[in-house]
Amino acid sequence: MALHLGDTAPDFTAESTEGPIAFHHYLGDGWGVLFSHPADFTPVCTTELGRVAALKPEFDTRKVKVLGLSVDPLEDHEAWSADIAETQGTALNFPLIADPDRTVADLYDMVPPAAENNLTVRSVFVIGPDKKVKLIITYPASTGRNFDEILRVIDSLQLTANYSVATPVDWKRGEDVIIVPAVSDADADAKFPKGYTTVTPYLRVTPQPDL
Ligand code: BEZ
């Protein structure tokens, strides 16, 4: 069954390059990113995994645990890790889940019904501390993802969770944010001590509150 935003992220246990993982327990009370790639020893995936390893400090800063997944077996993940370290300049520093029987892939609907090869596509799930799915993005196998964009969305999601703000089109960290309509002007006065500008009654902008 397809997953939707707001659903509870399905729990699972699986083998990974960092040992067995019980997903919900592993996430604890923090945020998580679960992303799938089509296959080990493939060029686009190799660049993606190297990039996520290089960005690990950025995920750590945001208290987000990252997990990769494909339907390849653990031995392949381990052998491929050496190629990633050698060619991308950054060794894997997060767990890569081995899902050869497609248990997790099926739970997260990571293999499109029309796929001829039974491989996962490039799915991304961001999961909040409440274990609810906050973001779903799916790319085709031929397009490498932009993980800076994933970090940008996580910044937005965390601001919404912590400060009742939304982020406007093309927003980047450090730029003004939008006070959500559910916050009254009276509450906004107290909640946003840096002040805010009322562009229209429904569009109120304020400096990014956590800076
Ligand atoms: C790749 O990672 O390069 C790739 C994987 C599957 C299909 C196409 C490209």
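The analysis underlying the following values was restricted to heavy atoms, covering all of them including side chains, and did not include hydrogens, waters or symmetry mates. This one's a predicted model, so the numbers in the text were calculated from it and none came from an experiment. Ligands are counted one by one from 1 in listed order, and the atoms in each one are counted from 1 as well.
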*With V111, the side chain to side chain contact (heavy atoms under 4.5 Å, CB included) member among T120, L119, V121*: T120
*Where does the angle between the aromatic ring planes of F41 and W80 fall among parallel (under 30°), tilted (30 to 60°) and perpendicular (over 60°)?*
tilted
*Verify ring pair (Phe, Tyr, Trp, His ring centres under 6.0 Å) between F94 and F59, making sure each step is shown before the conclusion.*
CA-CA 11 Å; F94 57 90; F59 288 103; 8.4 Å; no
*Protein residues that have a heavy atom under 4.0 Å from any atom of ligand 1, sorted by chain and number*: P38, T42, P43, V44, C45, R122, A141
*asked:* Regarding R204 and D185, does a basic nitrogen lie under 4.0 Å from an acidic carboxylate oxygen?
replied: yes
*Is the closest side-chain donor-acceptor distance between D72 and H77 under 3.5 Å?*
no
_Basic-acidic side-chain contact under 4.0 Å: E149, R152_ = yes
